[in-house]
Amino acid sequence: MKQEEVMQLVSNAIEDTFMVDASEITGDTVAMDISGWDSLSHTILLSNIEDAIDQTLAIDDLNFNNVRELVNSITAQLNS
């Protein structure tokens with residue numbers, strides 16, 4: 001899967017999870033930028049992403065500080 005596709009998928013998952021406009025999500029977006037992004041909603045977000053890609057992610061390998069790093073991590077897992 002291409003990085004642009006993963007970015008769109010992640011943006012849509014963030015939109016659905018946090019009820020924000022996906023067009024406002026950029027690679028530089030961090031959890032603090034989104035109201036309600038806490039540890040529980042973080043788990044829900046990752047579950048929503050897994051549902052969207054129909055694949056289980058190695059959660060321990062998802063180290064990220066912003067959306068770009070999350071997309072890079074997911075892309076690497078999907079293409080390995």
Side-chain angles (χ1 to χ4, degrees):
M1 186 176 276
K2 293 181 182 179
Q3 194 161 4
E4 296 81 22
E5 295 170 311
V6 175
M7 180 63 183
Q8 186 63 48
L9 182 141
V10 169
S11 294
N12 290 341
I14 291 171
E15 177 180 59
D16 293 343
T17 304
F18 300 104
M19 305 302 172
V20 296
D21 187 351
S23 66
E24 296 177 14
I25 306 301
T26 70
D28 294 323
T29 300
V30 296
M32 290 179 58
D33 294 336
I34 298 177
S35 178
W37 191 331
D38 58 19
S39 59
L40 176 59
S41 59
H42 179 82
T43 302
I44 294 168
L45 171 63
L46 294 178
S47 177
N48 290 343
I49 292 170
E50 288 178 331
D51 289 346
I53 62 174
D54 195 32
Q55 191 170 3
T56 301
L57 296 169
I59 303 298
D60 293 338
D61 293 335
L62 290 178
N63 297 317
F64 60 94
N65 295 310
N66 58 33
V67 171
R68 178 179 301 105
E69 291 176 9
L70 173 61
V71 168
N72 291 343
S73 243
I74 293 170
T75 303
Q77 284 189 38
L78 293 175
N79 293 327
S80 65

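Residue numbers count from 1 along this sequence.
Sorted by first then second residue, the side-chain hydrogen bond (donor to acceptor under 3.5 Å, both in side chains) pairs that include residues 70-79, not counting sequence neighbours, are Q3-N72.
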**Message:** W37 vs M32, test: side chain to side chain contact (heavy atoms under 4.5 Å, CB included). Steps then yes/no.
**Reply:** CA-CA 7 Å; W37 191 331; M32 290 179 58; over 6 Å; no

**Request:** May I have the step-by-step check of side chain to side chain contact (heavy atoms under 4.5 Å, CB included) for I49 and V10, ending in yes or no?
**Result:** CA-CA 7 Å; I49 292 170; V10 169; 4.2 Å; yes

**Message:** Could you go through I25 and E15, starting from their C-alpha distance and side-chain angles, then the distance that decides it, and tell me whether this counts as side chain to side chain contact (heavy atoms under 4.5 Å, CB included)?
**Reply:** CA-CA 8 Å; I25 306 301; E15 177 180 59; over 6 Å; no

**Message:** Could you walk me through whether I59 and T43 satisfy the side chain to side chain contact (heavy atoms under 4.5 Å, CB included) test, starting with their C-alpha distance in whole Å, then the side-chain angles of each, then the deciding distance to 0.1 Å, before giving a yes or no?
**Reply:** CA-CA 10 Å; I59 303 298; T43 302; over 6 Å; no

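Remark: T26 pairs with T29 by the side-chain hydrogen bond (donor to acceptor under 3.5 Å, both in side chains) rule, at least two apart or across chains. By the side-chain hydrogen bond (donor to acceptor under 3.5 Å, both in side chains) test, E50 pairs with no residue at all, sequence neighbours left out. Checked against side-chain hydrogen bond (donor to acceptor under 3.5 Å, both in side chains), D28 has the following partners two or more places apart in sequence or in another chain: R68. For D16, there are no side chain to side chain contact (heavy atoms under 4.5 Å, CB included) partners two or more places apart in sequence or in a different chain. Not counting sequence neighbours, S35 has no partner by the side-chain hydrogen bond (donor to acceptor under 3.5 Å, both in side chains) test.
Note that NE2 of H42 and CG of L62 are 7.5 Å apart. Values are rounded to the nearest 0.5 Å. Interatomic distance, CG of L70 versus CG of L45, reported as 7.0 Å (0.5 Å rounding). In this structure, D51 CG and I44 CD1 are separated by 11.5 Å, a value rounded to the nearest 0.5 Å.
When all heavy atoms of F18 and G36 are compared, the pair lying nearest together is CE2-O, 3.7 Å. Taking all atoms of both residues into account, the shortest heavy-atom contact from E69 to N65 is OE1-N, 2.6 Å. Between V6 and M1, the shortest heavy-atom distance links the atoms CG2-SD, 3.6 Å. When all heavy atoms are compared, the tightest approach of S11 to A22 is O-CB, 3.7 Å.
Judged by distance alone, with hydrogens and angles left aside, the side-chain atoms of N12 form no donor-acceptor pair with the main-chain N or O of L9 at under 3.5 Å. Put simply, the side chain of E24 never gets that close to the backbone of D21: no donor and acceptor are under 3.5 Å apart.
V71 is connected to F64 through a chain of hydrophobic side-chain contacts under 4.5 Å among Ile, Leu, Val, Met, Phe, Trp and Tyr, so both are in one cluster.
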